Amino acid sequence: MCIPVPDYHPQDLDKKWQKRWHDGRAFEVVEDPSRPKFYCLEMFAYPSGHAHVGHVRNYIIGDVVARLKRLQGFNVLHPFGWDAFGLPAENAAIKSGIHPETSTLGNISHMKGQLQRLGISYAWERELATCLPDYYRWNQWLFIRMFERGLAYRRRSTVNWCPVDNTVLANEQVVDGACWRCGTTVEQKDLEQWFFRITAYADDLLASADELSQWPEKVLTMQRNWIGRSDGARVSFALDGWPGAIEVFTTRIDTIYGATFLLLGPEHPLVGQFAEVAADPKAFRDQAARYRSQDRAGRVSGEVEKEGFFTGQYVVNPFSGERAPVWVANFVLGEYGTGAVMGVPFGDQRDFEFARKYGLPIRAVIRPLDGDVPDVGDMTESRPDEGLLANSGPYDGLASAEARRRLTAEAQTRGIGEGTVQYRLKDWGISRQRYWGTPIPMIHCPHCGVVAVPDDQLPVELPKLAQFTGRGDSPLATIPEFVNIPCPTCGRAARRETDTMDTFVDSSWYFYRFADAHNDLLPFDPAKVRYWCPVDFYSGGVEHAILHLIYSRFFARVFRDLGMVDHSEPFTHLLTQGMVLKDGNVMSKSKGNVVDPDTMLEQAGADALRLYVMSIAPPEKEVEWTDNGLDGSFRWLARVWRVAEHWHDAAVTAPPLDAATLTADERALRRKTHDTIRRVTADLDVRKQMNTAVSAMIELVNDLYPFTDAQRSAPTAQGAGVAREAIESLVLLVS
RNA sequence: GCCGGGGUGGCGAAACUGGCAGACGCACGGGACUUAAAAUCCCGGGUUCCGCAAGGAGCGUGUGGGUUCGAUUCCCACCCCCGGCACCA
């Protein structure tokens, strides 16, 4: 068949339609209770300067869903904004002297142009940037609400410190002992810090993870690991010859008769006291100090030889009544549980190795259901399996689970312990000693203590800073006009808090702000959020699985408990899009392997680029970028254009279809048309598998060509009608 | 070690509920059109063997078993790759 080459000039089409969408405000929406709503959101962007293909993939995925849902009759909210605070802009300012505000706003403007040229259907009137006071004032407002409820609090603590970025990092921002952003090994530092009490929601966050049926299992697993719930018991071992007791946390109280020693972490408060009565207090203290530093290094390197030393003190096993020596061990973590553990070499591999190394006794306290009590002399490793209790006094013969219940109950009755739940999750440290972030709206008064800035004085605006030196702490502390302020309570001289908030605070609730982006009385009108939220479809990179996505779930609960939202889970369906790699690496400016979409837009137009990116692989899958297929997508669009142009005149005058008089060829094409509609709809809507939707559409065109050719030599009355139906359907599916 | 995901042509991939493995695309080869090229259109292709050919036979979805009339799909055992967590008591 020879269909003449059409004038397919996508660049002109892009301009024409993008102008029409812009002028007609085509994607703006308002609440409309008469229509079902659909909130489609892609993770907003850090304005680094240029959108690369990796970002673009995410926005296209979201746009496909948004456009599908509009065609299906939903009232679709599809907004975009900018996660505009953050270190890169401040670090650039230190190098170049350009103020972060200037560079950030410039970057936003450039990237917005790129997204518009891609034809992403955003409701731009709701655009927000977190670095603007009309956004970050609500961070401050919410901080104060959390402060009032004890969810934001200040304490001195050991924190993760990045010496390159010169700031504190949250636990979630430390990856393999290094800064998540710059990769520098994290140091420990003692600082007064603001924390958000995310641990208050640990169980809530964990329990409802089970209900997130439309989240990837991978993400839920990561969050469960991160929260790290352990069910166990706290039990006190009375000190022998000292007042008081040492409390331990254990998940295996059923093995307590096998606790032949007790281990303190080097950070444990009793370590200092025991040192004073030791034979050589200095050696005692030095050794403990060595363990404390070792632990940090050990977590990074992974391998540290287990070692410890005897304190000279004993405790009494509350169940067996036996005296057990107290040791300090380098592998016991000060910050987890009570910082002390009972040593059960029979059931715990670390304790086993420790006991073997130092000749401590091992007692077998569990026997298998179908076997005898093991001979400890034969053991080469611990036996953590559950079974029936042995050598455990009155508890002998009980199954492990039952024994745990009885022993815990007994401990409680005797007032020496209780069942408890331990989490690995820690409170979220949000103070940052940097400039380019939300000022923490607190005032330190020598007389009144820590006082919140009154609501009517919000926002605490970020002052202009002339010089970026990168030296010292908290740049805001160098601005006397900012720091010095009368106390709002007593009126006497006081000082502002000079730390700023972690930028993850900004991103933890922005999806609510989109529902009511210009509210200047509240972060959002609860009625509007009730209409739009939760977000029905959320897509973004899996790298946020335990940062942004757990913080956002936390904030949803805070807003819920403030009575402002009526759901707990902010994102119903989560799609974690696979990264786009170039030469096996993540694209980044520093690696110099960024693929810029603008060149491809100029070459092939927005439709070809979008179609190609969607056709490479399913959206969750990581892909290696090659330019190879882009031409193919362009060629296919030209084929669509060509066949549509060929049929245009005949189609507009074709009579209505009469199903009874169709030829076999016509029936086949008709069947293909409707099958394609079914497949594309299921692929986009249900399976979220854009690549096979593209394949299905290509197949329809592949059938349309020979049909067109056959009709050229032997046209039928119904042919144009069947072709029209196919082409109209196709165009709709493509759109 | 624990948890999650995966392993299918030269490449990206598809196979939705156990039913013709490799749809669709990229790259490639052949042909038509053209003075020629580009573009376009048509055809071809997992692999081995037999055949001049049309065609035929065998093997084939990480490996080894199993269930079944039938297995990429279900079951058992194992290997490898990717991601997450990890001295958490």
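Just so it is clear, the structure is predicted and the values come from calculations on it, not from any experiment.
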Separation of atom CZ in A/F331 from atom C1' in B/C88, rounded to whole Å: 12 Å

Integer angstrom distance from the C1' of B/C3 to that of B/U8: 26 Å

Inter-nucleotide P distance (B/A32, B/A71), Å rounded: 44 Å

Short side-chain donor-acceptor distance under 3.5 Å, A/N317 and A/Y257: no

Sidechain N-carboxylate O distance under 4.0 Å for A/D675, A/R678: yes

Closest-nucleotide 5' rank along RNA chain B - winner of A/M222 and A/R350: A/M222

Parallel, tilted or perpendicular, as decided by the 30° and 60° cut-offs, for the rings of A/Y395 and A/F319: perpendicular

B/G25 OP1/OP2 closer than 4.0 Å to side-chain N/O of A/N702: yes

Sugar-phosphate, base or nothing in reach of A/P618, heavy atoms under 4.0 Å: sugar-phosphate

Identify all pairs in which a protein N or O lies below 3.5 Å from an N or O of nucleotides 26-30 of chain B, and state each distance.
| from | atom 1 | to | atom 2 | distance (Å) |
| --- | --- | --- | --- | --- |
| B/C26 | OP1 | A/R635 | NH2 | 2.9 |
| B/A27 | OP2 | A/R635 | NH2 | 3.3 |

Separation of atom CD in A/Q349 from atom P in B/C2, rounded to whole Å: 13 Å

Interatomic distance where CG belongs to A/D627 and C1' belongs to B/G12 [whole Å]: 14 Å

Side chain of A/E217 - closest among B/A89, B/G4, B/C87: B/G4

Nucleotide nearest A/R687 (side chain, heavy atoms from C-beta), chosen from B/C41, B/C24, B/C16: B/C16

Length of the CZ-C1' vector between A/R224 and B/G83, whole Å: 17 Å

From CA spacing to verdict: side-chain hydrogen bond (donor to acceptor under 3.5 Å, both in side chains), A/N225, A/R424: CA-CA 8 Å; A/N225 285 345; A/R424 191 181 161 282; over 6 Å; no

A/E622 CD to B/G12 P, straight-line distance once rounded to whole Å: 13 Å

B/U17 and B/G30, which share atom name P, separated by this distance in whole Å: 42 Å

Same-atom distance (C1') from B/G58 to B/G62, integer angstrom: 22 Å

Taking N or O atoms only and anything under 3.5 Å, show me the protein contacts with nucleotides 21-23 of chain B, one pair per line.
| from | atom 1 | to | atom 2 | distance (Å) |
| --- | --- | --- | --- | --- |
| B/A23 | O2' | A/E699 | OE2 | 3.0 |
| B/A23 | N1 | A/S695 | OG | 3.2 |

First of A/V174 and A/T338 reached from the 5' end of RNA chain B, by closest nucleotide: A/V174

B/C88 phosphate, OP1 or OP2, under 4.0 Å from A/Y423 side-chain N/O: no

Intermediate values then yes/no, ring pair (Phe, Tyr, Trp, His ring centres under 6.0 Å), A/W226 and A/F554: CA-CA 14 Å; A/W226 190 258; A/F554 165 46; over 10 Å; no

Sugar-phosphate, base or nothing in reach of A/D683, heavy atoms under 4.0 Å: nothing

Close side-chain approach of A/P374 and A/R383, heavy atoms under 4.5 Å: yes

Gap in Å between the two P atoms, one belonging to B/U63 and one to B/U68, rounded: 23 Å

Distance between P atoms of B/U67 and B/C76 (Å, rounded): 15 Å

Whole angstrom value for the distance that separates P of B/C16 from CD of A/Q689: 10 Å

Reported CZ-to-CG distance for the pair A/R224 and A/L205, which is rounded to 0.5 angstrom: 12.0 Å

Nucleotide B/C85, atom C1' - distance to CD1 of A/I550 in whole Å: 13 Å

Ring geometry between A/W625 and A/Y612 (parallel below 30°, tilted from 30 to 60°, perpendicular above 60°): perpendicular

Presence of salt bridge, A/R290 and A/E307, under 4.0 angstrom: yes

Separation of the C1' atoms in B/C85 and B/A77, to the nearest angstrom: 27 Å

Polar side chain donor-acceptor pair, A/D427 to A/T199, under 3.5 angstrom: yes

Centroid-centroid distance, A/W327 to A/Y358, less than 6.0 Å: yes

Any A/R234 side-chain nitrogen or oxygen under 4.0 Å from OP1 or OP2 of B/A89: no

Short side-chain N/O contact to B/A13 OP1/OP2 from A/K621, under 4.0 Å: yes

Between A/W647 and A/D649: side-chain donor-acceptor atoms closer than 3.5 Å: no

Ranges pairing with ranges for RNA chain B, where each run has three or more Watson-Crick or G-U pairs under 3.5 Å: B:1-7 with B:79-85, B:10-12 with B:24-26, B:28-32 with B:40-44, B:46-50 with B:55-59, B:62-66 with B:74-78

Candidates B/G12, B/A89, B/C85 - which lies nearest the side chain of A/I546: B/C85

Worked verdict on A/K357 versus A/E353 for salt bridge (Lys or Arg N to Asp or Glu O under 4.0 Å): CA-CA 6 Å; A/K357 180 168 181 174; A/E353 288 167 22; over 6 Å; no

Spacing of A/E353 atom CD relative to B/G1 atom P, expressed in whole Å: 14 Å

Sugar-phosphate only, base, or nothing, as touched by A/S615 at under 4.0 Å among non-hydrogen atoms: nothing

Presence of A/R424 side-chain N/O under 4.0 Å of B/A89 phosphate oxygens OP1/OP2: no

A/Y8 and A/F634 aromatic ring geometry - parallel, tilted or perpendicular at 30°/60° bounds: tilted

Euclidean distance for P, B/C42 against B/G51 (whole angstrom): 36 Å

A/T626 vs B/C11: side-chain N/O to OP1/OP2 distance below 4.0 Å: no

Glycosidic class, syn or anti, of B/G70 using a 90° window around 0: anti

Presence of A/Y612 side-chain N/O under 4.0 Å of B/G25 phosphate oxygens OP1/OP2: no

Sugar-phosphate, base or nothing in reach of A/E624, heavy atoms under 4.0 Å: nothing

Polar side-chain atom of A/W215 near backbone of A/F571 as donor-acceptor pair, under 3.5 Å: yes

